[in-house]
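Keep in mind the model is a prediction, meaning the values are calculated, not measured.
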Amino acid sequence: MSQAKTRFGIKRRYIWASIVAGIAALATLALVVTELRAPKRIPVEQRILEAERDALVGYISAVDSAPVAPAPRVDSAPAVDSTSRALDSKSPDRAVPATGSASTRVLPFADILVTIRGPIITELIDATLPIEREIGGRFLIRVDSARVTLRPGLALVEMSGRARLLASQDVFADIWLMGSLELGSALDEGSLAADISILGVQTRDVGLGPLSPPAEGLVDELARLRLSELDRVLGEIPIPVRLDEFVELPRVEEQEVTIPAARLAIGFRLDAVRVLEQGIFVSVGIDRHPGPGPATPDAAAPVAPVVKDAP
Amino acid sequence: MSAPGRDTGRVLLLAVALVAVAALVDCTTSDRPGPLGDDDLARLRAEVDSLRERFEARVAGDPLVTHLSAAEGDILVGLRIPFVQDIASWAARSYLDDVELHLAPDVTVYEGDDVRVKIGPISVHAGEWRVEVTINSVRARLRADSIRLAVTDTSSLSAVVVVGVSEATGDASIRFTWDASTVASIVCRDFQVDQTFGGVVEPFTYRVSGQYEFEATSAGIRLLPSFERPRLRVSPIPTPESWARARGFLDEQNNIFRCGLALKPDDMVQKLDRLLRKGFEFQLPEVLFQSVGLPARIEDRVDLGSRVVEIRNAPVWLRMTPEAIWYGSDLDVDATSRPDRPASTAEGSGNP
């Protein structure tokens, strides 16, 4: 059988074999380097610190870049003196009465400010537990307990439970999940809701005893799981605050007067969320869309000269 | 190897080579975040501590945080005064502006007097006349010229609504009564005449003052109007036709058998006019002042996907500052709804 040769007298098959070997070596090298450079699971503490840092940087820059507002009077004494002060709803900056000293405004407050304390979120989550959810088509994650801790910039949710392999449910490991409660995007039809973004997952203290080889496999698989796949382990946590998109006045039908029902449509938009130790603060802005019914609000209309007082 | 087979092999080799090179390039150039070393982690801790300290300093300078820290309630809701003002203003306007009233005040005014006539040198008591005017109905259109709301204390908004009454018309009845004295009745008889007439009411404007008080309930905050319903005075003006009819029937009485000597039509018309100008008072219907709920409330149940949880809420805090109305509620999540066994949900299902 004749062998084709190049003009240099080298058999073509050797050339091809060399090329294949070179490519294989290149591919192997790429795989090795990729494996070496593959991101290791970032420790939970680091993720928590990074989340806090990012939030705090945002908060501080928002406070520092905001114009200094006059300090609002929020004491419990009578709000204004006897010479009542008319508030102008058309005031562009919603200014509050000054008391002389300027103050920083950490909490944005557009039109509505909702404050949610940490313990009630724990209670709400607790009401859903225990809960199991399939994750990634491989695991069954069960959460038995959860606790919410508020710290500046972060609403930390600690969850504990158990992970099982779907394929082999007698293989399990106790797990500990850390997440950040997020209200950033949730204002759906006047309802507030929170999502949990998982920051880390750890198997519980191995002091429980040596893990069986299959359980070690489960732990390894959990370690390789993308954290975002665990975000929906608890699902959405609704916050029991309702912002009604309509204010309605009933129809009046009496002998003396008939007035049609009226409806004022209000649009809500999430303005800002701040997490402090004292609570999660959600600032909501409104857009007025007067619906069918009587005239639009006119609180700032000047009072017409009065002809006479009612006797 | 045949030529086509060789070509295929070369193409495959070329593809594998390209993939390998791409992987190599990618793995050598990517810069994915990874775990920090001990020193970097320590630096990160210090950075976060420093940021926390800076932020806490700002928090301490915000009186709103101090205010809300001391407030009671698992959930607090604050609504800015201008927003509340807008809603109260809209509610007031809804019921007081461009509203047609159909009042049936059924009020009566009257005037009467003794009549004496001189017969020669003697003044004789001829009798007693009386004119009664009863307003049977008033149709009027209300107009809210302006609404002003202001913070006056910690629990209410004061309100001043300038209400105009226009296009008002009414129906009234007039009753003339002549009660002849014993002596006069020999000559002239008693009589009573009833007439109805239509009139118009001159447009007028009133300032209606009151306040909106706040009430915290499990359903949220309601604004409760507390207005002193004003007594509005209307002075009906008979139409020319009504005047003509009244004058005509007085003229009819002006004969000797009806004591025309005692009752002079001109005088009676003047008296009637004076009576009507004095006017009538009626109150705006109470139904015009209605409560209105503010559009933020605590829900009594939440859907947690796997189950619905009942929530009892008890308002524990209600306060008004110049900035906002604050409402705090303690929540009690129904523990009985907690499941004994885990609710199992497939990935992607469960809570919306």
Taking it one step at a time, do B:V161 and B:R148 satisfy side chain to side chain contact (heavy atoms under 4.5 Å, CB included)? CA-CA 6 Å; B:V161 185; B:R148 171 167 286 190; over 6 Å; no
With a 4.5 angstrom heavy-atom cut-off, is it the side chain or the backbone of [X] that approaches chain A, or both, or neither?
X      : result
B:E100 : backbone
B:A88  : neither
B:S329 : neither
B:E56  : side chain
B:D98  : neither
B:L288 : side chain
B:V99  : side chain
B:L68  : both

At a 4.5 Å cut-off on heavy atoms, which part of [X] comes close to chain B: side chain, backbone, both, or neither?
X      : value
A:E256 : both
A:E277 : side chain
A:L276 : side chain
A:E254 : side chain
A:V114 : both

Just so I understand: if I count every heavy-atom pair under 4.5 Å between each of A:V257, A:L113, A:L56 and chain B, which residue has the most?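 Looking at each option in turn, the highest pair count goes to A:L113.
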Name the member of A:E45, A:Q46, A:E245, A:E50 that forms the most heavy-atom pairs with chain B at distances under 4.5 Å.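 Option with the top pair count is A:Q46.
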Run the numbers on A:R117 and B:D74 for salt bridge (Lys or Arg N to Asp or Glu O under 4.0 Å), then give the verdict. CA-CA 5 Å; A:R117 307 285 194 206; B:D74 292 321; over 6 Å; no
Hey, does B:I87 have a side-chain heavy atom less than 4.5 Å from the side chain of B:Q85?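 No, too far: nothing below the 4.5 Å cut-off.
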Do A:L154 and A:I48 have side chains that approach each other closer than 4.5 Å (heavy atoms only, starting at C-beta)?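 They are in side-chain contact.
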Examine B:W326 together with A:F109 and report whether their ring centres are nearer than 6.0 Å.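 Here the rings of A:F109 and B:W326 have centres that are less than 6.0 Å from each other.
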Sort out for me which of [options] touches chain A most, counting heavy-atom pairs under 4.5 Å.
options                       : value
B:G73, B:A324, B:G220, B:G293 : B:G73
B:T66, B:I298, B:L79, B:V287  : B:V287
B:L331, B:V84, B:D40, B:V138  : B:L331

Rounded to the nearest 0.5 Å, how far apart are CG of B:L41 and CG of A:L49?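 With rounding to 0.5 Å, CG (B:L41) is 6.0 Å from CG (A:L49).
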Salt-bridge contact [X]-[Y] (side-chain N to carboxylate O under 4.0 Å):
X      : Y      : result
A:E134 : A:R142 : no
B:R80  : A:D111 : no
A:R162 : A:D144 : no
B:D303 : B:R301 : no

Looking at A:F246, I'd like to know if the NZ or CZ of A:R263 sits under 6.0 Å from its six-membered ring centre while staying within 45 degrees of the ring's axis.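 The answer is yes, since A:R263 meets both limits relative to A:F246.
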